S.K.: 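The structure that follows is given in the form of C-alpha cells.
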Amino acid sequence: MTQRAETAGLTLNAMESMLVDRLKSGSNAYYFALLVTGLMMLAGAIAGLQATVGGHHVYYGVSRQIPWGILISTYVYFAITSTGICLVSSIGHIFGVKAYMPIAKRAVFLSIITLSAGFLVIAAEIKVPIRMLVYNIISPNFTSNIWWMGALYGLALGVMIFEFIFLLLGKYKLAVACGFVAVVGELAANSNLAGVFGLLNGREFWHGPYLPIFFIASGVMVGCSCLILFHLWAERINEGPLHPGMPDCLSAIRKVAILMICVIAFFTIWRTVATLAGHPDGQYVGVMAMLTGEYSLSFWGGEILLSLLIPLGLYLFSKGTNMKLMLTAAILMLIGVFFMRHNMVIVGQVIPVFQGLGVTGSTELLKYSPTVHELMIVVGGFGFVGFMFLLGEKIFNGYPVEDHH
Amino acid sequence: MRLILTTILCSSIFLLAGAATTLAEGDYPEDIYYMKPVIGVVFSHQLHVEDNGMDCDSCHDGIFEMEARLAENEESFTMAGLADGEFCGACHDGDTAYDANTRCTTCHVGVIGYSRAHGLVNEEGPAHH
Amino acid sequence: MKNLKNLDKMTNEGVDNCSVEERRHFLKMGLTVTGVFAGGTILSAVSSVNKVYASTSGFVEKYPYKPHYSMIMHIENCIDCEKCKSACAETNGVPSYGFRTNILERQVAGALDQQREFIPVLCNHCNLAQCTRVCPTKATYKDPNNGIVMMNIEKCIGCLSCQLGCPYNARYFNEEKWAVDKCTFCWESRLSKGAKTTGCSEACPAGVRIFGDLSNPSDRVYKEVHQMTKTVWVLRPQAGTKPNVFYTRG
C-alpha cells in the first residue's frame with residue numbers, strides 16, 4: 001500500500017540506493033543462483049553470436065528438409081508458456097476471481113520474461129534478423145501466420161510491459177485494460193503460432209485444426225506449473241510466505257492444471273487412436289515413430305510420464321497443501337513439456353515430403369540432432385528466464401500484493 | 001556438381017585399374033559403368049554371361065574390345081548408334097534382346113545408381129545439407 | 001461362391017461390344033479422375049480437339065496467367081544423367097550444397113519390365129502456392145503476369161517457413177545470397193532475356209522436360225495436358241496446391 005507513495009516521492013538517487021539495498025539483501029544461495037543463470041545466459045549469447053556471424057549452416061544441425069530445429073521448439077515452448085501464464089493470471093487479475101488475485105504482478109512479469117526468452121532464442125534461428133525488423137513492417141503479408149504470430153506476440157509483449165508498469169504504479173484501471181488487450185493478443189498470437197504448423201497441407205503430421213486448441217490447452221497447463229514453481233521459489237528467496245492468500249491461490253491453480261492435464265491426455269489419446277485407425281498418409285509414420293520408434297523415449301518418457309501422468313498423480317496427492325509434491329510436479333512437467341514441444345516440431349519434419357511417392361530414401365525418417373551451439377542457446381534461454389526472475393524478485397521487492405478492484 | 005564429376009571420374013579410374021588386376025581365367029570383370037556421353041549406363045558381364053549363357057565371342061568378336069570403357073571413345077556410342085545396330089544395339093534391337101529404345105532404366109542407372117554402386121553418398125539421402 | 005463360378009464362365013465382352021455412349025461415359029470418368037490428379041485445374045481437359053472449351057467462359061480463369069508457364073515430364077525417358085541439374089546449377093549459380101531441381105529414384109523390386117524409374121522434380125509454381133502464403137514479408141510471391149513463384153531476396157528474413165510450406169522440397173537457403181533460393185523457370189537467367197525454354201529443359205538429352213505455356217492451345221504442353229489417351233498426373237495432389245508441373249509416360 002505504501003510502496004506507491006514511496007516510489008512517487010523518491011528522487012533518482014534515493015531510488016538507486018533503495019534498489020541497491022534490495023539487491024544486497026539476498027542470501028548466498030540467491031547469489032549463487034544468480035551467477036549460474038548469468039553464466040547460462042552468457043553461454044547462450046556467445047553461441048548465438050558465433051552462429052549468426054559464422055553461419056547457421058556451420059553451427060546448427062538443421063538441414064534442407066528439417067529447417068526448424070530445437071531453437072524453434074524452444075521458442076514454441078517459451079511462447080506457449082507465456083500465453084499460459086498470461087491466461088491463468090488473467091482469471092484473477094482481469095476477470096476478478098478472488099482466489100487468483102495474489103499472483104498478478106509476478107505472473108505478468110513471468111509472462112514478459114518467458115516471451116522475451118522466446119524472442120531471444122528465435123532471433124538466433126532467423127537467418128537474417130535485420131531484414132525481419134525492416135520488412136515485417138514495410139512489407140507485411142497478411143496471409144502469413146508467422147507474420148501475425150510475430151506481430152501479435154510483439155504487441156502482447158509491449159502491452160504487458162505497460163500493464164506491469166501500471167501495476168507497479170498502482171494504476172489498476174489502466175493495468176486491467178492493458179491486461180485484457182494482452183490476453184486477447186496472446187491468445188490470437190498463440191493460435192497463429194499453431195497455424196504456422198497446422199495450416200501446412202503439405203505436412204500431414206501437423207495439418208489440421210486441432211493444433212490451436214491443443215496449444216492453448218497445453219499452454220494453460222504449463223502456465224499453471226510455471227506459476228506454482230516460481231511462486232514457491234519466490235517464497236524461498238523472500239524467506240517467508242508471500243501473502244496470506246497464496247496457498248489457496250496455488251491450490252486453485254493446481255486444480256486448473258489437473259483439468260488441463262486431462263484435456264491434453266484426452267487429445268493425445270485421440271490423436272493416436274485416430275492415426276492408428278486410419279493410417280493417414282504422412283501422419284501414421286510420425287505417430288509410430290513416437291509410439292515405438294526413434295522418438296519413443298521422448299514420447300513416453302517426456303510427453304506422457306513427465307508432463308502428464310506423474311504431475312497428475314503428484315498434483316492429486318498433494319491435495320493442494322503439500323507444497324513439496326506440487327513443486328516436484330511443476331518441475332517435472334516443465335521438463336516434460338520441453339520434449340512435447342520438441343516432438344511436435346521435429347517429428348513433423350522428419351517425414352520426407354516425397355514419402356507417399358515411395359522414392360528411394362523416403363521410407364526412412366530423416367535425422368536431426370541438435371548441435372552444441374543450439375543446445376547452448378537453449379540453455380541461454382532458460383538462463384535468461386531464471387536470471388530475470390531472480391533480479392525481479394529483488395528489484396520489485398517480492399511484488400507486494402495490494403488489493404484492488 | 002563439378003565436385004561430383006571429379007569424384008566420379010577419379011573413382012572410375014581406380015575402378016578401371018582394379019578390374020584389370022582382379023581378372024582371372026574364365027572369369028569375367030565386374031560391372032562396367034559408362035560415363036560418356038551420359039553418366040550411369042551399366043553393363044554387367046554376370047547378367048549376360050552367367051544368367052543368359054552367352055559366350056565371350058558373341059561380343060568379343062567384333063562388337064566390343066576387351067577393355068572397359070573403350071567404346072566411349074567412339075562417335076556412334078549413342079542411342080542413335082545403338083539404333084543403327086552398333087555396340088549394345090547389335091543385340092538390343094528388339095529381336096535378339098529387347099530394343100534399346102525401350103525400358104531405359106535397365107541400362108541407365110543414372111548418377112544415383114552410379115553413386116550407390118561406388119559407395120558415394122547421395123545428396124538427397126537422410127544426411128545433413 | 002455361386003457368383004464367383006458365374007464370373008469364371010463369363011467371357012470378355014471386348015471393346016467392340018461396347019456402345020459409343022458407354023465408351024464416352026467411361027472416358028469422361030477417366031477424365032474427371034485425371035482432373036483431380038492434376039490439382040483440379042483441368043477438369044475440362046478434352047481430347048486434342050480443344051475448340052469446345054476454348055470458347056467456354058471460365059476456362060480462362062483456370063489459367064489465370066498469360067503466358068501460364070508450365071512443364072510436363074515424360075518420365076519414362078528420364079535416365080538420371082543429371083545434365084539438367086548441372087545446366088541449372090551453371091545457369092543460375094546454384095551452389096553444390098543446394099539444388100533447384102532434383103531427380104528422385106523409385107525402385108520396384110518385383111517389376112517385370114524395369115525395376116526403377118526416375119522422377120525429376122522442381123518448383124511446381126503452384127496456383128495455390130503455400131510458400132507465398134506463409135512468407136511473412138512477401139519475399140516470395142507469384143508473378144502477377146506469368147505465375148512464376150519468384151524470390152525477392154532483399155526481403156527474405158530466412159525464417160524458412162516457405163521451405164516447410166513447400167510440399168515438393170523445392171527450396172533451400174543460399175548462404176551466399178543470404179536468402180532462400182528456388183527454381184524460377186530460369187526467369188532471370190533466360191526467359192526474361194528472350195529465351196523460349198528453361199536451362200534444364202534445353203539440356204535434357206532425352207526429351208523429358210517439356211516447357212511451355214498452358215494458356216496457349218497451340219503449345220505442346222497445352223496439347224499434352226488436354227488429352228485423355230495418356231494419363232497425366234501431378235505429384236502430391238492431396239497437398240492441394242494446384243501445381244503446374246505435370247507428369248506423363250509415353
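Both backbone and side-chain heavy atoms feed into the values below; hydrogens, waters and symmetry mates do not. The shown structure was predicted, so the numbers you read here are calculated from the model rather than taken from an experiment.
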S.K.: Only one of C:E105, C:Q107, C:Q114 passes side-chain hydrogen bond (donor to acceptor under 3.5 Å, both in side chains) with B:T105; say which it is.
M.R.: C:Q114

S.K.: Return yes when atom CD of C:E176 has more than 12 non-hydrogen atoms of other residues, nucleotides or ligands closer than 6.0 Å, and no otherwise.
M.R.: yes

S.K.: Walk me through it: do C:K83 and B:V38 pass the test side-chain contact (heavy atoms from CB on, under 4.5 Å)?
M.R.: CA-CA 8 Å; C:K83 289 200 170 171; B:V38 294; 3.9 Å; yes

S.K.: Looking at C:K177, I'd like to know if its NZ atom is crowded, meaning that more than 12 non-hydrogen atoms belonging to other residues, nucleotides or ligands lie closer than 6.0 Å.
M.R.: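 Counting neighbours around NZ of C:K177, more than 12 heavy atoms of other residues, nucleotides or ligands fall under 6.0 Å, so yes.
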
S.K.: Is there a side-chain contact between C:E82 and B:I39 (heavy atoms, below 4.5 Å)?
M.R.: no

S.K.: Measure the CD1-SG distance between C:I75 and B:C104 for me, rounded to the nearest 0.5 Å.
M.R.: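 Going from CD1 on C:I75 over to SG on B:C104, the span is 11.0 Å.
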
S.K.: As an exercise, state the distance from CE of B:M79 to CD1 of C:I79, rounded to the nearest 0.5 Å.
M.R.: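 Here the rounded value is 8.0 Å.
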
S.K.: Mind checking whether C:F118 and B:I112 have side chains closer than 4.5 Å, heavy atoms only?
M.R.: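 Counting from C-beta outward, C:F118 and B:I112 do come under 4.5 Å.
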
S.K.: Any side-chain heavy-atom pair from B:V109 and C:R116 closer than 4.5 angstrom?
M.R.: yes

